Amino acid sequence: MNVVLFNYLVQNGQDISGLYGSSINKHEDYPSYYWALDKDHSIEFITLCSEELIPIIGGDVVDVLCDGLELSYTYWHYDRVNNECFKDYVEHSINKAREYVYYYNNESVLFSFTILDY
């Protein structure tokens, strides 16, 4: 994973690998969606993805409950359009993620992101 994004997730995110039944023991092997961020940190993460030219191909909403975290199975995704240049792909995927997080109408949630990191 991109080192800038990885460091941001480690510093600001919550490890949600257990929600996926992960047996990975090292954080550096985690995919980006094993980390969840609150709304403000999610917006910052989306901005970092834009700056690093990393498309966000989707994301999940994680409910914050009294007794822990739970995947809500509410999600979004962005599919690359035929003949869409990479720069436009990044921009459109970033805009979709930013719009979803910004307008999500529940403050008791976290967001996780699936990125396309080459």
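The analysis underlying the following values was restricted to heavy atoms, covering all of them including side chains, and did not include hydrogens, waters or symmetry mates. Since this is a predicted model, take the numbers as computed values, not measurements.
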What pair of heavy atoms forms the shortest contact from [X] to [Y], and how long is it?
X     : Y     : answer
Ile16 : Ala36 : CG2-CB, 3.8 Å
Leu37 : Ser42 : O-OG, 3.2 Å
Pro55 : Tyr89 : CG-CE2, 3.6 Å

Identify all side-chain donor-acceptor contacts of residues 100-116 below 3.5 Å with residues at least two apart in sequence or on another chain.
{"residue": "Asn106", "atom": "OD1", "partner": "Ser108", "partner atom": "N", "Å": "2.7"}

Taking the side chain as C-beta and beyond, is there a heavy-atom pair between [X] and [Y] under 4.5 Å?
X     : Y     : value
Trp35 : Asp15 : yes
Leu69 : Gln14 : yes
Arg80 : Phe86 : yes
Val62 : Leu71 : yes

For [X], all residues meeting side chain to side chain contact (heavy atoms under 4.5 Å, CB included), sequence neighbours excluded:
X     : value
Cys85 : Lys87, Asp88
Ser50 : Ile94
Asp79 : His77
Thr47 : Glu51, Arg98

Subject >> Flag, side chain of Ser17 to backbone of Tyr34, donor-acceptor distance under 3.5 Å >> reply: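 Not confirmed, Ser17 side chain does not pair with Tyr34 backbone.
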
**OP:** Answer yes or no: is there a donor N or O on one side and an acceptor on the other, between the side chain of Ser93 and the main chain of Tyr78, under 3.5 Å?
**Re:**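 Checked: no pair found.
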
Cluster overlap [X] with [Y], hydrophobic side-chain contacts below 4.5 Å:
X     : Y     : value
Leu65 : Val61 : no
Ile57 : Phe45 : yes
Tyr75 : Tyr33 : no

Expected list for residues 4-12: side-chain donor-acceptor pairs under 3.5 angstrom, two or more places apart:
{"residue": "Asn7", "atom": "ND2", "partner": "Val3", "partner atom": "O", "Å": "3.3"}
{"residue": "Tyr8", "atom": "OH", "partner": "His41", "partner atom": "O", "Å": "3.3"}
{"residue": "Tyr8", "atom": "OH", "partner": "Glu44", "partner atom": "OE1", "Å": "2.5"}
{"residue": "Asn12", "atom": "OD1", "partner": "His41", "partner atom": "NE2", "Å": "3.3"}
{"residue": "Asn12", "atom": "ND2", "partner": "Tyr8", "partner atom": "O", "Å": "3.1"}

Original post:
Roughly how far apart are Glu70 CD and Asp63 CG, rounded to 0.5 Å?
Top reply: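 These two atoms lie 6.0 Å from each other.
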
